[in-house]
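It should be emphasised that the depicted structure is a prediction, and the values quoted were computed from it without experimental measurement. Note that these values count all heavy atoms, side chains included, but never hydrogens, waters or copies made by symmetry.
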Amino acid sequence: MKKQPLFPVLNGLLHGGDYNPDQWLDRPDILAQDIEYMKKAGINCVSLGIFSWSSYEPREGEYHFEWLKNVMDTLYANGIYTILATPSGAKPAWLDRKYPDCLRVDNMGIRYHHGDRHNYCMSSENFRGKLKNINSMLAQRFAHHPGLLMWHISNEMGGDCFCPLCQQKFVEYLRNKFDNDIEKLNKAWWTTFWSHKYSCFEEIEPPFANGSIDIMGLMLEWRRFTTWNMIDCMKSEIEVVKAANPDIPVTANLMNMYNGLDYRALAKEIDVVSWDSYPRFHNDWESFDDTMRELAYSHAVFRCLKKDKPFMLMECTPSLTNWQAYNKLKRPGVMRLQAVQAVATGSDTVQYFQIRKSRGSFEQYHGAVIDHAGIDNRVFREVSEVGDILKKIDSVAGTKVNAKAALLFDWDNRWAIQDMQAMCVADKKYEKTLVDFWREFNRCGAEVDVISSLDDFSDYKIIIAPMLYILHPGVAQRLTEFVKNGGQLLATYLTGYTDENLLCHLGGFPGDNLSDLFGIYSEEMDTLFPSDRNGIKFRGFENKIEVFDCCEILKVKDAEVIGRYTDDFYKDTPAITVKCFGDGSAYYVAARTKASDLAPIFEQMIKNAGIMPNVMPPMIDYHERVADGEVYRFYLNLSDKENCVADVKGYDLISEKEICGTLTLSGYGTAVVKNIK
């Protein structure tokens with residue numbers, strides 16, 4: 001495994017964030033001072049132009065790029081590079097006034113007014129034409145600027161549009177998908193139910209809120225279409241900037257576990273994955289340890305969208321947000337901890353929203369590196385400390401995380417479970433289940449990737465597949481081969497119920513012959529009220545573990561039962577099973593429990609897989625990055641109290657000390673220990 005830095009010209013890690021000089025063009029003194037402040041904070045790159053369309057083109061056909069050139073020239077002269085955005089994240093008012101079809105239509109059929117952002121119709125040729133014009137002007141002027149590091153396509157893309165143009169495009173999308181055969185669609189969507197059968201494609205409408213929201217296939221396909229349409233629009237932007245200079249990479253900043261787009265599909269069209277991270281630190285519903293490990297899970301999701309290279313932490317706040325329900329300050333040391341964790345889990349960048357605080361409008365109270373009162377404050381000192389640390393650990397750039405376990409997560413599986421009319425209809429807790437399993441495997445000492453069921457399994461020894469409701473073609477066969485060849489597989493309730501069109505598998509669940517792999521089949525599913533509880537008694541363990549939310553009632557064919565229910569009419573029936581198959585093992589967990597209660601199974605899987613676990617003391621988060629024979633071991637103290645790790649050997653790049661024995665970390669402290677050859 002060789003190093004592959006995202007930005008070789010920097011020869012290290014990127015430190016920066018969103019900068020909006022067009023808000024301050026009447027204050028050249030402030031802009032000049034900002035440069036000096038950035039240099040003090042160790043900032044080597046900024047993102048420009050994310051919401052600058054009205055500054056570039058205040059009136060149709062009237063362009064102003066001189067200010068951008070002056071800013072980029074000055075930044076570059078001071079050793080600061082630019083990530084330049086295309087401005088489609090928010091449209092100018094003149095555009096919507098003259099071309100109202102650029103405005104989206106909501107799911108009640110009502111057209112939006114001008115305002116907000118993420119507010120364009122992806123199908124509008126007027127919008128695409130005007131966007132092509134402004135992007136062409138930007139590309140012609142700046143694609144070969146020596147300070148240009150990357151193109152930032154739009155901003156946090158999302159939302160869908162139900163206008164006539166999108167409806168028409170949806171119909172054409174369905175024609176292509178179903179080979180222009182309406183009966184093929186009818187069969188896939190089971191439209192004979194409730195007499196929903198279509199006689200032609202023109203009869204199909206999107207799932208309006210006051211329309212057809214009861215055809216599961218339609219609901220799922222609309223979300224797939226929205227992803228396709230957004231990607232198609234994004235590709236039209238990429239085409240323009242790449243035509244001007246194909247050597248400049250492109251990214252699009254993604255929004256954590258955003259529900260509206262399939263990021264796996266989108267990531268295929270960009271060069272580098274980046275995402276915006278805004279965890280709710282110091283909340284009152286979970287521990288800080290849980291918050292940080294969920295953040296590590298999110299990093300794993302985005303790292304694995306393009307496993308061949310590092311990802312980018314495009315945005316985080318240096319202090320607080322202004323748009324969450326409760327906007328709490330990060331406690332001292334947490335910014336450093338968040339930054340080092342991002343690098344530990346595979347990022348080559350730490351970037352902020354925003355560099356300078358806005359004076360007015362919606363995000364005027366959002367945190368920033370530079371405050372109105374200047375830089376004599378805790379936030380600036382902590383950002384500067386991050387800058388110093390990134391310089392010390394810059395040799396990490398281009399290394400990768402090498403996980404041997406993977407958790408399966410598909411966006412369309414998520415959508416299908418959300419819409420499924422069963423279990424607790426309001427919330428099946430799919431996302432929470434994924435995070436809980438990932439966190440517990442992490443605590444058991446395994447680094448875990450987050451991949452699609454359609455991805456290659458060959459790099460892994462363990463596959464974790466919670467609630468794999470949809471089985472895409474070939475997935476069951478590939479899972480079977482994975483186990484046969486020595487893999488350790490764990491699946492849960494709700495596995496293998498439907499095909500990719502949401503038709504139930506005939507022959508029982510889990511379908512598509514997975515019942516043979518696990519040696520069981522699910523006879524019934526019991527949904528528990530919030531006050532209901534059952535239990536599971538593990539074989540060989542004295543105490544029972546608590547069961548809540550849901551229980552599958554299993555029939556065993558040839559699996560070994562390792563846990564049985566303790567209550568209700570299905571008392572003593574199988575709840576957890578394992579089957580040896582070929583050289584591997586297939587575990588099935590039929591009920592929802594705390595993930596921590598399944599730790600004995602996870603530990604056994606890690607042992608069976610031959611993975612050497614890196615089990616840390618409580619409150620220590622551990623990750624590794626490797627390349628070119630070098631190993632970088634990241635230790636993060638998730639407690640505000642001092643913590644120690646025994647048997648650590650190597651050179652700590654942050655403290656610049658050799659460690660041989662006990663590593664002592666201060667509250668929220670971090671260490672990056674490089675192996676000594």
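- For the atom pair CZ of Phe178 and CZ of Phe201, the computed distance is 7.5 Å after rounding to the nearest 0.5 Å.
- There is a side-chain donor-acceptor pair under 3.5 Å between Trp222 and Asp160.
- In terms of modelled atom types and a separation under 3.5 Å, the side chain of Asp181 and the main chain of Glu183 share a donor-acceptor contact.
- Here the side chain of Asn180 pairs no donor or acceptor atom with the backbone of Arg175 at under 3.5 angstrom.
- Although no hydrogens or angles enter the test, the distance criterion places a donor-acceptor pair under 3.5 Å between the side chain of Lys579 and the main chain of Asp516.
- Between Leu174 and Trp189, the closest side-chain pair of non-hydrogen atoms falls below 4.5 Å.
- The side-chain contact (heavy atoms from CB on, under 4.5 Å) test with Leu220 singles out one residue from Asn413, Asn501, Ile470, Ile215, and that residue is Ile470.
- Among all heavy-atom pairs drawn from Ile270 and Ala252, the shortest one is CD1-N, 4.0 Å.
- Between Phe602 and Phe437, a ring centre-to-centre spacing shorter than 6.0 Å is recorded.
- Side chains of His196 and Asp214: a donor on one and an acceptor on the other come within 3.5 Å.
- Under a cut-off of 6.0 angstrom, the local environment of CD1 in Ile213 is sparse, with at most 12 non-hydrogen atoms contributed by other residues, nucleotides or ligands.
- For the pair Asp96 and Lys91, the salt-bridge criterion is met [side-chain N within less than 4.0 Å of a carboxylate O].
- For Ser124 and Asn126, the side-chain atoms include no donor-acceptor pair closer than 3.5 Å.
- Tyr460 and Asp449 share a side-chain donor-acceptor pair at under 3.5 Å.
- The neighbour count for Tyr326 OH, taken as heavy atoms of other residues, nucleotides or ligands under 6.0 Å away, does not exceed 12.
- Of the charged side-chain nitrogens involved, at least one lies within less than 4.0 Å of a carboxylate oxygen, so that Lys544 and Asp567 count as a salt-bridged pair.
- No more than 12 heavy atoms of other residues, nucleotides or ligands sit less than 6.0 Å from atom NZ of Lys197.
- Comment: Asp412 does not engage Arg223 in a salt bridge, judged by the lack of any side-chain N to carboxylate O separation of less than 4.0 angstrom.
- Note that the CG atom of Asn176 and the CD atom of Glu172 stand 7.0 Å from one another [nearest 0.5 Å].
- Using a 4.0 Å cut-off between a side-chain N of Lys or Arg and a carboxylate O of Asp or Glu, Lys429 and Asp549 qualify as a salt bridge.
- Remark: the backbone N or O of Asp262 is paired with a side-chain donor or acceptor of Thr227 at under 3.5 angstrom.
- For the residue pair Tyr570 and Glu524, no side-chain donor N or O sits within less than 3.5 Å of a side-chain acceptor on the partner.
- Taken from CE in Met122 to OG1 in Thr226, the straight-line distance is 5.5 Å, to the nearest 0.5 Å.
- Side-chain N or O atoms of Lys428 include one that pairs as donor or acceptor with a backbone N or O of Met420 at under 3.5 Å.
- With 3.5 Å as the limit, one finds a donor-acceptor pair spanning the side chains of Asn253 and Asn155.
- No hydrogens or angles considered: a donor-acceptor pair under 3.5 Å links the side chains of Thr86 and Glu237.
- Across Val273 and Thr251, no two heavy atoms sit closer than the pair C-OG1, 4.0 Å.
- Remark: Lys594 does not engage Asp597 in a salt bridge, criterion side-chain N to carboxylate O under 4.0 Å.
- A side-chain N or O of Glu203 and one of Ser199 form a donor-acceptor pair less than 3.5 Å apart.
- Counting non-hydrogen atoms of other residues, nucleotides and ligands closer than 6.0 Å to CH2 of Trp94 gives a total above 12.
- In this structure, Leu261 CG and Leu266 CG are separated by 6.5 Å, a value rounded to the nearest 0.5 Å.
- Counting non-hydrogen atoms of other residues, nucleotides and ligands closer than 6.0 Å to CH2 of Trp194 gives a total of 12 or fewer.
- In this structure, a donor-acceptor pair under 3.5 Å is present between the side chains of Ser123 and Asn229.
- Using a 4.5 Å heavy-atom cutoff, the side chains of Ile520 and Pro510 are in contact.
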Note to self: Walk me through whether Glu286 and Thr291 qualify under side chain to side chain donor-acceptor pair (under 3.5 Å).
What the structure shows: CA-CA 7 Å; Glu286 66 183 357; Thr291 304; 2.7 Å; yes
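- Salt bridge Asp101/Arg111: absent, no basic N to carboxylate O contact under 4.0 Å.
- A salt bridge links Arg117 with Glu156: at least one charged nitrogen is closer than 4.0 Å to a carboxylate oxygen.
- Ring-centre distance between His299 and Trp275: below the 6.0 Å cut-off.
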Check: Checking ring pair (Phe, Tyr, Trp, His ring centres under 6.0 Å) for the pair Phe302/Phe311: CA distance, chi angles, key distance, verdict?
Finding: CA-CA 7 Å; Phe302 291 98; Phe311 69 93; 7.6 Å; no
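- Judged by distance alone, the side chains of Ser452 and Asp410 do bring a donor and an acceptor atom under 3.5 Å apart.
- Between Cys166 and Cys121, the shortest heavy-atom contact is SG-SG, 3.7 Å.
- Between Asp271 and Lys242, at least one side-chain nitrogen of the basic residue sits less than 4.0 Å from a carboxylate oxygen of the acidic one, meeting the salt-bridge criterion.
- Using modelled atom types, one side-chain atom of Gln421 and one backbone atom of Asp419 make a donor-acceptor pair closer than 3.5 Å.
- Inter-residue side-chain proximity for Ile576 and Tyr588 is flagged as unmet; no heavy-atom pair is nearer than 4.5 Å.
- Judged by the 6.0 Å distance and 45° axis criteria, Arg104 is not positioned over the aromatic ring of Phe162.
- Of the inter-residue distances, the one linking Glu221 atom CD with Ile204 atom CD1 reads 10.0 Å to the nearest 0.5 angstrom.
- In terms of modelled atom types and a separation under 3.5 Å, the side chain of Arg264 and the main chain of Phe409 share a donor-acceptor contact.
- Side chain of Asn534 to main chain of Tyr565: no donor-acceptor pair is present (N/O by atom type, distance under 3.5 Å, no hydrogens or angles).
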Item checked: Arg439 vs Tyr297, side chain to side chain donor-acceptor pair (under 3.5 Å): CA-CA, chis, key distance, verdict -> CA-CA 7 Å; Arg439 280 193 294 216; Tyr297 163 81; over 6 Å; no
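- In this structure, the side chains of Tyr112 and Asp106 come closer than 4.5 Å at one or more pairs of heavy atoms.
- Other residues, nucleotides and ligands place more than 12 heavy atoms under 6.0 Å from the NZ atom of Lys307.
- Taking the side chain as every heavy atom from C-beta outward, Ile417 and Leu494 approach each other to under 4.5 Å.
- Lys555 NZ to Thr573 OG1: the interatomic distance, rounded to the nearest 0.5 Å, is 8.0 Å.
- For the pair Tyr493 (side chain) and Pro466 (backbone), a donor-acceptor distance under 3.5 Å is absent.
- Listed for the Thr492 side chain is a donor-acceptor partner under 3.5 Å among the backbone atoms of Met467.
- Taking the charged nitrogens against the carboxylate oxygens, Arg128 and Asp232 do have a contact shorter than 4.0 Å, which makes a salt bridge.
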Next item on the list: Run the numbers on Gln418 and Asn259 for side chain to side chain donor-acceptor pair (under 3.5 Å), then give the verdict.
Entry: CA-CA 10 Å; Gln418 287 170 356; Asn259 193 47; 3.0 Å; yes
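- Side-chain atoms of Asn513 and Ser515 form no donor-acceptor pair, as typed in the model, at a separation below 3.5 Å.
- Residues Glu60 and Lys130 are paired through a salt bridge, judged by an N-O separation under 4.0 Å between the basic side chain and the carboxylate.
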